[in-house]
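Keep in mind that what you see is a predicted model, and the values were worked out from it rather than measured. Here is how names work: the chains are called A, B, and so on, in the same order as the sequence lines, proteins then strands, and each is numbered from 1.
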Amino acid sequence: MKAAYLNMTTGTIAALIAVLTGAFCMLLEPTLPWLVTWPAGWSLPMSDWIGTSLTWFLELIKPAMRAFSMLLAYPMSGAHALFAATPWPLSIGLITALGWYIGGVSLAALGLFGLGFIVATGLWLESMSTLSLVAVSVPLALVLGAGIGILANEVPRLRNAIQTVMDVMQTVPTFAYLTPLLFLFGFGPVVGLIASIIYAAPPMARNLMLGLDRVESDIKEAAIMSGGTRMQQLFLVEIPSAKTQIMVGVNQCLMAALSMVIIAAVIGGFKDLGWEVLLTMRKAWFGPSMMAGMAIVVFAMIIDRYSGTLASTRQRHDWRIASGIAALGVIAATATWQNLPDPSSITLLDPVAKWLDAGLTSVLQQNGAALDAFKNGSLFYGLLPLRIGLDGAVLPFTWGFQWTGMMSLVYYAIWAIVAGVLALRGRAALGLTLLIFAGIIETGVAELPWPFVVIGAGALGWVSGGRRLAVFATLMMTVLLVSGLWDRALLSLYLSGAAVITCAIFGGAIGLLCAVSPLVWRIVLPICDMLQTIPLFVFLIPVLMFFQIGEFSAFLAICLYAIVPMIRYTRHGLVNTPDELIEAAISSGATPWQTLREVRAPYAAPTILLGLNQTILFAFAMLVIAALIGTTGLGQSIYGALAKANMGLGITSGAAMAILALVADRLVQGFANERRQALGL
Amino acid sequence: MTNQDTAAAQPAISCRGVWQVFGADAKSKLADALDRSGTKSGGDSDVAAQILREDGLIPAVQDATFDVMPGELFVIMGLSGSGKSTIVRCISQLLQATSGEILVDGENLVEASKSRLIELRRRKLGMVFQHFGLFPHMTALENVAFPLKMQGQNKPDRLARAMEVINLVGLEGRENSYPREMSGGQRQRVGIARSLAVNPDIWFLDEPFSALDPLIRRQLQDEFINIQATLKKSIVFITHDITEALKIADRIAIMRDGKIVQIGTPTEIVLNPVDDYVREFSKDVAKGRHARVASVMRALTADDKTPDDPGLRPGMTLEAALARCISLYDPVPVHDETGKMIGVVDPAVLAAALQAEEA
């Protein structure tokens, strides 16, 4: 990837362009203020346009959709009535029996104690509401997803289009499409149901496509030569051969549906677990909110482990014991038929909740100063400078002195010298990159001049994926710029950027540690598993408890959620270096540290970049949820739009979010591909 | 390329009762099995291996004992899964042997510290891998220079030395290519160059030519023999190909199920296989091309008349010898390099030795 001009690499040229643009904007700021801040009058009223046209279109299909929602309401209320009316000892018995059959004693115990815990919290009925939503949405999502997957497989011309639509669907924040759904279907649980169908279908479609893709050509050809019709080939040979991958799809579909059902509680109208969390959180009842959060986690774990075991192992356990357990449930239910306490009145764990509340209060009182110091330190020395720049964040109140123009000059001079020295040593790209970062920290992400961001994104695209990506990135950023959401987009960029950098540093370090020490991995693995099972929503509870509403809590919640892929991929990349390369390094006399640095790390680079990519997407997903506890960017507009049923704003903000995520995704993928090609993989 | 006459010298590599057992708690279980079977006091190691197998462990290398002399090319041969790759990894300490002694120039590697092992690898040992083990993110030159970098040599020096070795393996002009841009034969040349970069005394080659096309394989074998003729390394060479083994080896060790069943020169292996397993290997080999006249020679007796002298030498292959004696019946003399007669060969015996393989 070398450009011929002046013997500079693409990276150096791109960095130079960005630096020059930034310097240019800064110099001209006094005379041409519009170069830094995009004048509001230049923005196009995209939200209004989209709102108007969408309203017109949706009005058109509204009657059909309302009828559809009436239709959906039947199975839903049916399932709800059934689950709520079944005496809980019977439900527990049946689920425990199923657990035994699928996965033996460990799954049965998970079912028994997990559901027992839910009963003890007194949230049984709320759980059953959630379950009924999942139970109705998942089969529909599975059918929809399978249909899409098969269509993509059978009609190769549609494949790319379908893939793109699914990419976009996964990057558009969930809250964003709740607004038009709300408009179409009115308030009520059906909106959550439909949102979760839309959200949960893509994982199924993806895995089905992947599974069918991976069926060996020998097997496919054998089916053709046996004289099967295309449908016979598909349903009798290819789909059964892809069964494992498809079951992974089912598992992901379940988890996505659950996550969405719980998020959909923000629109209210249904007394389920998500609502319970939201309600208690709003009232700052942390004990009960913890309990409800735990109930969600337990619920998610049961669904995940059950379906995961179903997907990964074929061996089933003795059905006679399972029947025995189920019979026990029936007996318990009949015995207690008359005097079964109303599950809502069970308050076994209320003391625990109270104790948690009290404990938390005392912990907060005792360590309040330390927590505040931690929070303020992170804000003053990390987040704030990144957001509004050193020139805005360094105040007598925060840093103990006032940032002056002179300091800016000295600061830039120092970094320019560093960049110059590095350039002389042949590391020009690195030097310029450092200079760019220094500049960003001085100015603040939220106050970056727009030409710098747009051209910088284009330059980055050029380095990562050539001309096409450069055009794509520039174009997308320009759309954002004229959409009237630019300021909010920069704020979102800042918060997710801060979280991603934090995750990259800490996640990378933890991943490295896990790669070096199997013991650490054994501790970290279950934590990662758990963090990935927990629905997004629940992450808000603990951060809120300790750090109250605000940007810092949102930042922590995002980090908690988004750090997992970074850890996993870093470790995976470092551990999965081919044995022969390791042996070659060892027999060349490399120490373990040298092997890590010279062989494992370069080999793992593409994998680690993919992890970073996932981390970015996770951060954007969580950013919207975190809007509930106080952020200022696009997430907040989406959430606000939902509250005000402002469809245009909701959709444009969602699209803006998706654009940011897509650009970031393509950029990182581009770098990962380049590394992979360089490794000949 | 002689070996027997240097027997008095200290061996370059010496393996004494090396075991490599895979499975949980291998070390103590092996010690226990050795006690029970009395292997250390002269008992049968097969008994110990059987005990281990019944316990669910896998004895990948069983009681391996052999010496490799300085400058000797020692080939270890066996089918896949016979433990030959494992044994070379024990010697190079990529695997920690479960029990036994591995002496390199008298130093026991099993007891060497980690830093000492790194030191040895940086100065004394070189290894070539079956699938080349080239670092994909480095050019050919950087790959070859890697062990020198580990030694801490500065960049100009190590690149100069790497270039020397690249020339030695005939890759000049390709030094700035990446592995993905090279053919299999070229990649293995890089692998060979890398293992020679530090000029090691001891050279391990783990099936270096197995992954190559037959034509390229033969070409590299020939070049390898040439390189060895000038460098005179002490070599442990792993292969599953009997033809390759016979072509290059000074001595061959044949392994089965982790056990060395026979050690001998190529001729001994071909002409006197110890069991059916070894015989099976040499079955497809044209004996005439590997067995030497010396193997069918006998001493001159009083009533031998040797009217003809077709000029046989003890190092001649049977095939070449037969071509010279094709119309002769009486015993023919064999002379050594100085022209002294050292024995006779009966043409009938010669023909019979060649025919034995057809049976």
Which atoms of B/F204 approach chain A - backbone, side chain, both or neither, heavy atom under 4.5 Å
neither
State, without any angle test, whether B/T86 and B/Q20 hold a side-chain donor-acceptor pair at a distance under 3.5 Å.
no
If you count heavy-atom pairs within less than 4.5 Å of chain A, which of B/L134, B/V128, B/L125 leads?
B/L134
For B/E119, run the salt bridge (charged side-chain N to carboxylate O under 4.0 Å, His left out) check against B/R123, B/R121, B/R122 and tell me which one passes.
B/R123
One option among A/P592, A/P578, A/P602 has the most heavy-atom pairs under 4.5 Å with chain B, and it is A/P602
Atom OG in B/S82, atom CD1 in B/I87: separation rounded to 0.5 Å?
9.5 Å
Below 30° counts as parallel, above 60° as perpendicular, anything between as tilted: where do the rings of B/F237 and B/F224 land?
tilted
Given heavy-atom pairs under 4.5 angstrom as the criterion, report whether the side chain, backbone, both or neither of B/Q130 touches chain A.
both
Let me know if A/A585 has heavy atoms under 4.5 Å from chain B in its side chain, its backbone, both or neither.
both
So for atom NE2, which belongs to A/H572, do other residues, nucleotides or ligands contribute more than 12 heavy atoms lying within a distance under 6.0 Å?
no
Determine whether B/N176 and B/T139 satisfy the following criterion, side-chain hydrogen bond (donor to acceptor under 3.5 Å, both in side chains), listing intermediate values before the conclusion.
CA-CA 5 Å; B/N176 289 322; B/T139 62; 4.7 Å; no
Highest number of heavy-atom pairs under 4.5 Å with chain A among B/Q93, B/H137, B/K114, B/M127 belongs to B/H137
If you tally heavy-atom pairs under 4.5 Å between each of A/I586, A/T577, A/D579 and chain B, the highest tally belongs to A/I586
